[in-house]
Amino acid sequence: MDTASDREPRQERSRVTRARLLDAAVGCLAERGVSGATVGAVAEQAGVSRGAAQHHFPTREGLLLAALRHMVESRSADLRRRADAVPAGPERTEAVVQMVVDAFSGPDFDAALQLWAAAASDPALRERVIPLEEQVGRAVHHAVVELLGADESIPGTREAVQATLDLARGLGLANLLTDDTARRRRVVAQWAVMLDRALREPLRATGSPRSTTKR
């Protein structure tokens with residue numbers, strides 16, 4: 001008869017195996033696309049048997065959607081860490097823009113792009129993917145507003161923040177094909193200047209405080 005002490009190591013092994021499968025699924029999506037992210041390929045990359053993979057994820061769709069949720073959680077946790085490290089002072093806006101660009105780059109974003117592309121022609125998958133990606137978008141948008149003390153009641157402010165997210169997605173897409181690091185750095189610096197101006201100009205026009213949030 002199993003005891004609690006017997007079950008705990010087994011449960012921990014199960015959690016470790018699941019985590020390895022999800023990390024492997026993200027890697028397969030980023031490197032091989034949706035067509036290459038089969039249960040067998042993911043199991044091989046994770047170093048587990050196909051049977052063990054199917055025990056955790058009976059269907060490929062279930063595996064890929066779980067991988068997407070895993071990416072969302074990973075990107076959200078990374079965003080929180082980066083937000084805590086954003087400096088105060090005149091360099092703050094550029095640091096925030098860089099944080100947003102980083103949120104839409106890297107292996108997790110590359111893997112998400114592959115799922116977006118597949119979802120474009122698969123209505124059932126699209127229905128599952130959109131809410132998860134909207135969750136990321138909302139989290140990033142909220143972080144930018146909070147970190148910059150932006151007042152979205154002022155016309156144009158919300159659009160300026162949203163444009164930052166759209167810019168970051170575009171840069172992430174461009175980087176998928178070539179290393180765009182140098183150009184991205186210049187774009188980030190210039191956009192930070194433009195964003196800062198867009199957020200501050202209403203203050204000069206009205207002469208009233210934009211926000212009580214300290215910069």
Side-chain angles (χ1 to χ4, degrees), residues 19-20 22-31 65-116 129-152 154 156-200 210-215:
R20 287 168 62 185
L22 292 175
D23 287 339
V26 172
C28 281
L29 280 168
E31 296 166 10
L65 289 172
L68 181 57
R69 284 191 289 271
H70 180 64
M71 287 183 266
V72 169
E73 292 167 4
S74 175
R75 289 161 71 190
S76 297
D78 186 59
L79 177 68
R80 289 191 293 271
R81 287 192 296 270
R82 289 178 179 274
D84 289 341
V86 169
E91 298 178 353
R92 188 174 181 84
T93 301
E94 184 171 344
V96 170
V97 173
Q98 185 64 61
M99 179 195 76
V100 176
V101 169
D102 289 344
F104 292 99
S105 60
D108 282 356
F109 180 70
D110 294 348
L113 278 177
Q114 299 294 340
L115 279 173
W116 291 357
V129 167
I130 288 176
L132 292 171
E133 284 305 319
E134 286 179 340
Q135 179 182 334
V136 173
R138 284 192 300 270
V140 179
H141 188 105
H142 179 73
V144 174
V145 170
E146 288 293 313
L147 290 169
L148 296 182
D151 183 353
E152 292 196 291
I154 296 176
T157 298
R158 181 174 180 80
E159 289 76 14
V161 173
Q162 189 58 46
T164 305
L165 273 65
D166 293 340
L167 172 72
R169 288 190 184 94
L171 289 175
L173 179 60
N175 202 56
L176 186 63
L177 298 177
T178 60
D179 183 354
D180 211 30
T181 303
R183 188 177 73 87
R184 283 154 59 97
R185 190 177 299 116
R186 294 193 300 271
V187 170
V188 166
Q190 181 60 31
W191 181 255
V193 172
M194 297 168 67
L195 177 62
D196 205 44
R197 185 181 302 132
L199 296 179
R200 290 177 180 276
R210 289 180 53 81
S211 173
T212 58
T213 303
K214 292 183 179 179
R215 293 287 301 279

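Since the structure is predicted, the reported quantities are computational estimates derived from the model, not experimental observations.
Considering only heavy atoms from C-beta on, M99 comes within 4.5 Å of L147 through its side chain. Contact annotation: the side chain of F104 approaches that of V140 to within less than 4.5 Å [non-hydrogen atoms, C-beta and beyond]. In this structure, the side chains of R138 and E134 come closer than 4.5 Å at one or more pairs of heavy atoms. Using a 4.5 Å heavy-atom cutoff, the side chains of P107 and E31 are not in contact. Between Q98 and D102, some side-chain heavy-atom pair lies under the 4.5 Å cut-off. Counting only heavy atoms from C-beta outward, the side chains of V136 and M71 never approach each other to under 4.5 Å.
Salt-bridge annotation for R80 and D84: absent, with no side-chain N of the basic residue lying under 4.0 Å from a carboxylate O of the acidic one. Salt bridge status for D166 with R169: present, with a side-chain N to carboxylate O gap under 4.0 Å. A salt bridge is absent between R185 and E94: the closest approach of a Lys/Arg side-chain nitrogen to an acidic carboxylate oxygen does not fall below 4.0 angstrom. D23 has no carboxylate O lying under 4.0 Å from a charged side-chain N of R20, or vice versa, which leaves the two without a salt bridge.
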Can you list the steps and then say if R82 with V86 is a side chain to side chain contact (heavy atoms under 4.5 Å, CB included)?
CA-CA 6 Å; R82 289 178 179 274; V86 169; 5.7 Å; no
Check the pair D78, R75 against salt bridge (charged side-chain N to carboxylate O under 4.0 Å, His left out), reporting the backbone distance first and the verdict last.
CA-CA 5 Å; D78 186 59; R75 289 161 71 190; over 6 Å; no
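Between L22 and A67 the shortest heavy-atom distance is CD2-N, 3.7 Å. When every heavy atom of L165 is checked against every heavy atom of G137, the shortest pair comes out as CD2-O, 3.4 Å. Considering all non-hydrogen atoms of both residues, A143 and L79 come closest at CB-CD2, 4.3 Å. Considering all non-hydrogen atoms of both residues, A30 and D110 come closest at CB-CB, 4.0 Å. The two atoms that bring L195 and T164 nearest to each other are CD2-OG1, 3.7 Å, heavy atoms only.
Judged by distance alone, the side chain of R92 and the main-chain N or O of L148 form no donor-acceptor pair under 3.5 Å. Within the 3.5 Å criterion, the main-chain N or O of H70 finds no donor-acceptor partner in the side chain of S74. The backbone N or O of D151 sits less than 3.5 Å from a side-chain atom of T157, completing a donor-acceptor pair.
Put simply, CH2 on W191 and CG on L171 are 11.0 Å apart, with the number rounded to the nearest 0.5 Å. Atom-to-atom distance recorded for L173:CG and F109:CZ is 6.5 Å, nearest 0.5 angstrom. Atom CG of L68 sits about 10.0 Å away from atom CD of E73, to the nearest 0.5 Å. Expressed to the nearest 0.5 Å, how far CZ of R184 lies from OG of S105 amounts to 5.0 Å. One distance of note links CG of L115 with CG of L132; it measures 10.0 Å at 0.5 Å rounding. With rounding to the nearest 0.5 angstrom, the OG atom of S76 is 10.5 Å from the CZ atom of R81.
Side chains of E152 and H141: a donor-acceptor N/O pair is present below 3.5 angstrom, by distance only.
Atom CD of Q162 sits in a crowded spot, with more than 12 heavy atoms from other residues, nucleotides or ligands closer than 6.0 Å.
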